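As structure tokens, the structure follows; a few thoughts come after it.
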Amino acid sequence: MKKHNEKEISRRRTFAIISHPDAGKTTITEKLLLFGGAIQQAGEVRARKAARHATSDWMEMEKQRGISVTSSVMKFTYRDFEINLLDTPGHNDFSEDTYRTLTAVDSVLMVIDSVKGVESQTKKLLEVCRLRHTPIMTFINKLDREGREPLDLLDDIESTLNIQCAPMTWPVGMGKRFRGTYHLYSKELTFFDPEADKGTGQTITVKGLEDPLLDELLGSQVEELRNDVELLEGAAHPFEQEAYLAGLQTPVFFGSAINTFGIQQLLDTFVEHAPAPLPRETESRAVSPYEEPFTGFTFKIQANMDPAHRDRIAFFRICSGKFIRGMKVRHIRLGREVQIANATIFMAQDRTNVDEAYPGDIIGIHNHGTIKIGDTFTQGEELKYTGIPNFAPEHFRKVRLLDPMKSKALEKGLVQLAEEGTTQVFRPLMGSDWIVGAVGLLQFDVVMHRLEHEYKVKAAYEPVSYVTARWVTGEKKKLEEFEKKEAMHLYRDGEGNLAYLAASQWRLDNTMENWREIQFHATREHS
Ligand SMILES: Nc1nc2c(ncn2[C@@H]2O[C@H](COP(=O)(O)OP(=O)(O)OP(=O)(O)O)[C@@H](O)[C@H]2O)c(=O)[nH]1
């Protein structure tokens, strides 16, 4: 098969950073952008983020919507590579979008705080990567602080996340005694020097660990390094590109992001080893990025700046072919030809109109609610990309309508907001109160605010005792029986799919145990 656009595709890297809040994601993003020349000084990303988080009040956040759109995708170049870094909202704005973004990347960078080890949010995000065998590169951050023993950290990653570690660099000391890292493959010793440009002092290549030059350079700390590396032989794995690409092994780097130390090593290995855009599955076949016809899918919808217009931006991942402004494409779900006259590409600093784009790139398509998450666009072929699911919510609220005359408007608002994908809505089989479910708590405030301002509906939340949900499917008769017996806990989501809500994990496990013929799903593909 002829490889179309080969040069452009092979130099693209599309990835996201996964980490627990405070591990250093923003700091690393900033340093990566500095290397890419996309920002001139450290602090720019943080300033934008601070503006976004200055208040948890949604009114304020709404003013900042433009900012969150721009920082959702950051495109920059490094050496000859075109890099798309997709933001995974953390803290307050953690939502289903955070999970779904991971379905649109080709690899991820996992950041671990050396003091804290593997933390809960990292674990959750990694589970999502596992669904697609996404390749993972690891950066262990904050070596300038007294953290856990490096061997202990590798053990934590291996056992908690069930992935092999292949250390690429190894730290010499930590905290006040942090001297730098030794590269296990290039045999380079790189000195940490917080005073130097980019936190990095001299780099000296030695002949190996036994080289007496190391004794001279490291003094008494050389034994520590030798002992650690000897222990590594039994405890860790040599780097294997295939195992990394299969998501079975993660290459590990050590550094200090705030001091820019270790970032360039990481970035160089990343562009050289991380995968270029990969083939993607559709319901009928896998599509290679090198195919000539243009195809791709939507993974995120964001309401635009002006709430009065219900204008939305669909974040669209290109999977094959070449995008050219003004091109006609087929919107598969609607079975309609549409012209994409106006798309946006997200540069690290701002948004610009895009004239052409390639697989791996993310473009923003303006629309008035016609595009939904998971929608496929092609140049004619009937394809539907898979693997862009909804994720089961973890928080729930009952919605109480304050003006009974507005029940239609409430329904419309809840369903439309759910279509944007950060919340889900559930209508009970018995009773009439809607339930909103979300992966992150801030989304509840967002829904209330938008119901009031965009749909003119006044409502309030009431607590409800659910903690988890599963979509259920099964053979017709069994499902009817299940519906009858469990009706109190059964709901239909915005698209009419049956879902079971449970008040505890124990309750869910128990129900699953009792209803073995019913299938319970933690994710649901878009119809
Ligand atoms: N000592 C030390 N502190 C660091 C390092 N990297 C980041 N930090 C600090 O750790 C804190 C969190 O860093 P961020 O980059 O904001 O972390 P984040 O993961 O983006 O956090 P959220 O945006 O809250 O999710 C900040 O105070 C940073 O200055 C490092 O290498 N060493």
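Small disclaimer: the values here were computed from a predicted structure and weren't measured. Residues: numbered from 1 along the sequence shown. Both counts, for ligands and for their atoms, begin at 1 and track the order of listing.
Side chain of Ser72 to main chain of Asp87: no donor-acceptor pair is present (N/O by atom type, distance under 3.5 Å, no hydrogens or angles). No donor-acceptor distance shorter than 3.5 angstrom exists from the side chain of His237 to the backbone of Ala166, with no hydrogens or angles considered. For Ser19 (side chain) and Val111 (main-chain N/O), no donor-acceptor pair under 3.5 Å exists by modelled atom type.
For ligand 1, the polar-atom distance check finds no N/O of Pro21 at less than 3.5 Å from any of the ligand's N/O atoms. At a 3.5 angstrom cut-off on N or O pairs, Gly24 counts as close to ligand 1. For a threshold of 3.5 Å applied to N or O pairs, the pair formed by Ile28 and ligand 1 contains no separation below that value.
At a 4.0 Å heavy-atom cut-off, ligand 1 touches Asn141 through the side chain alone. Counting heavy atoms under 4.0 Å from ligand 1, residue Lys25 touches it through both backbone and side chain. Proximity of Asp144 to ligand 1, defined as any heavy-atom pair under 4.0 Å, is confined to the side chain (atoms from C-beta onward).
A cation-pi geometry, defined here as NZ or CZ lying under 6.0 Å from the six-membered ring centre and within 45° of its normal, does not hold between Arg13 and Phe81.
Ligand 1 places these atoms under 4.0 Å from at least one heavy atom of Asp22: 10 (O), 12 (C), 17 (O), 18 (P), 19 (O), 21 (O), 22 (P), 24 (O), 25 (O). For ligand 1 and Ser256, the ligand atoms under 4.0 Å from any heavy atom of the residue are 30 (C), 31 (O), 32 (N). Against a heavy-atom cut-off of under 4.0 Å, Thr26 is close to the following atoms of ligand 1: 15 (O), 16 (O), 18 (P), 20 (O), 23 (O).
Counting heavy atoms from C-beta outward, Arg317 and Asp106 have side chains that approach closer than 4.5 Å.
Side chains of Asp493 and Trp471: a donor-acceptor N/O pair is present below 3.5 angstrom, by distance only.
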Residues Phe191, Val172; criterion side-chain contact (heavy atoms from CB on, under 4.5 Å); working and verdict: CA-CA 9 Å; Phe191 281 99; Val172 183; over 6 Å; no

